[in-house]
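First comes the structure, then the notes that go with it.
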Amino acid sequence: MPSAPVPEWLTADLFVSVLEKNVENFDKITKFTADTPFAAGENFLSILWAIEIEVVLKDGSTKICRYMLKIPPTSAQAQALIGMMSSFKRERICYYELFPAFDEMYRKAGRTTKIAPNAYSFDKDLGFDVILMEDVRQDGFKNMNRLEGLDMAHTKHALEVIAQFHAASATYIVNNNGLPQLMMEPMLKENMIQMLAQAQKPQEEMLLECLPLYKAEDLKEKLKSYRDKYLEQVVNSQKRNMDDFNVLSHGDCWCNNIMFQHDGQNNVLNTLLVDFQVGRFTSPVYDLLYFLLSSSCLENKLKYFDYFIQYYHQQLLENLKILGYSKKLPTLRDLHLWMYDFSFMGYTVILKSLPVVLLDPSALKDINVDNMMGDKKDGGAMQKAMYTGERYCKQMQQLLPWLANKGYFD
């Protein structure tokens, strides 16, 4: 049974044009179902509907077609966020304009690639933006356990597809003198920066309150003094020069937005990126820092941090050369230096991302974006669960001193 009522507009007829264009010898639909299969805490800024359609082909045989339909959320706060960030418009540009161009670039270079699921379009204007994709779960793609984090093999495969994505976008930027206009504009306008500062206050206070749990009371004053510097660094990071090495970032590059396909021995065959709602024109280390600090398992996260950067760099150069990138290639030293320009991502991960990544769904009854921001009656309970969970505390005991010792809070 679906966990939410099916919208009145979400009917079989809506998909006829998609099936006519993409299913050979399509005749008619005989069965249509829509379900919301994802648990609370897995998606906050959209609703995902899994669509299953049984069709009859012109030879009388039947076929099952599966799609994933992404629609705006119902929460007023989530709607406000995606409106200010133009999230669905950004993602539509990625799926319908840029990814086909990236695939063609690789094809011309003699490589077959697939960075993200295929996307399709309805012939009807619904009055709001949606994304219709193939449901790659039918091909065995799945997310790994976010609570455990990615092991060495999955981390490396993720870095490979991130490097492939970054190389394609960097080459596209040089060849086309930039990205579509929306992607080139600063994402955080002045009113959004003030909203960000206000919205994260409950999270910052909870973080400071819980420092004894992280065995990091000695960092309290440093973290308090860093809060204003953090916002300044976020603003400064949006000032990019075309002479810099720039990419289209994923923007929310953590393990729930990476899907893996395995063989019978559980070896990774293919890797896909999903959810491009906050993509932007920026440095590649935005995604790299975000991904490594949020998604690699704790056992490897810090021990192999520099190795992972080297591995990504190797993959990035390989893809840039394949695509004929015409400007100066970034060095490994460049990547490490850029890490300090984007060191605010360390604070971003421990304050905003990791508490959500490591939140056990069984720890709380009502997980949603309003409570995550601490705005509703259960906001305090969710905030407490996020910052006091056993997994989060264990990671913070290692991450906080590591980030401090690297000068990321200075």
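Computation of the quantities below employed the complete heavy-atom set of this structure, encompassing side-chain atoms and omitting hydrogens, waters and symmetry-equivalent molecules.
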key: Short side-chain donor-acceptor distance under 3.5 Å, Ser249 and Tyr290   = no

ask   = Do the side chains of Met345 and Leu293 get nearer than 4.5 Å, heavy atoms only?
value = no

query = Is Lys328 salt-bridged to Asp334, cutoff N-O under 4.0 Å?
reply = yes

ask   = Restricting to pairs with a member in residues 194-228, which pass ring-ring contact (aromatic ring centres under 6.0 Å, His included), not counting sequence neighbours?
value = Tyr214-Tyr392, Tyr226-Tyr347, Tyr226-Phe409

No-hydrogen, no-angle side-chain donor-acceptor test under 3.5 Å, Asn236 and Lys239 = yes

request  = Quick one: pull up NE2 in His313 and CD in Glu318 and give me the separation to the nearest 0.5 Å.
outcome  = 12.0 Å

ask   = Ion pair present between Glu205 and Arg227, side-chain N to carboxylate O less than 4.0 angstrom?
value = yes

note = In short, salt bridge (Lys or Arg N to Asp or Glu O under 4.0 Å) pairs touching residues 397-410 with sequence neighbours left out are Lys222-Asp410

key: Pair Asp103 + Lys114, salt bridge at N-O below 4.0 Å   = no

message = Between Glu104 and Arg107, does any NZ, NE, NH1 or NH2 come within less than 4.0 Å of an OD or OE carboxylate oxygen?
response = yes

ask   = Do the charged groups of Lys224 and Glu204 touch, with an N to O distance under 4.0 Å?
value = no

key: Ring geometry between Phe99 and Tyr95 (parallel below 30°, tilted from 30 to 60°, perpendicular above 60°)   = perpendicular

task = Measure from the ring center of Tyr67 to the ring center of Trp49 and say whether it is less than 6.0 Å.
result = no

task = Applying side-chain hydrogen bond (donor to acceptor under 3.5 Å, both in side chains), name anything that partners Asp151, two or more places apart in sequence or on another chain.
result = His154

Donor-acceptor contacts under 3.5 Å from residues 172-184 side chains, at least two apart:
{"residue": "Asn175", "atom": "ND2", "partner": "Thr171", "partner atom": "O", "Å": "3.4"}
{"residue": "Asn176", "atom": "ND2", "partner": "Tyr172", "partner atom": "O", "Å": "2.9"}

query = In chain order, what residues pass the side-chain hydrogen bond (donor to acceptor under 3.5 Å, both in side chains) check against Asp218, with sequence neighbours excluded?
reply = none

Under 3.5 Å, which donor-acceptor pairs link side chains of residues 156-168 to any protein atom two or more places apart or in another chain?
{"residue": "Lys156", "atom": "NZ", "partner": "Tyr307", "partner atom": "OH", "Å": "3.0"}
{"residue": "Glu160", "atom": "OE2", "partner": "Tyr311", "partner atom": "OH", "Å": "2.4"}
{"residue": "His166", "atom": "ND1", "partner": "Tyr312", "partner atom": "OH", "Å": "2.7"}
{"residue": "His166", "atom": "NE2", "partner": "Asp287", "partner atom": "OD2", "Å": "2.8"}

key: Glu91 bridged to Lys70 by N-O distance under 4.0 Å   = yes

message = Tell me if the centroids of the rings in Phe308 and Phe291 come within less than 6.0 Å of each other.
response = no

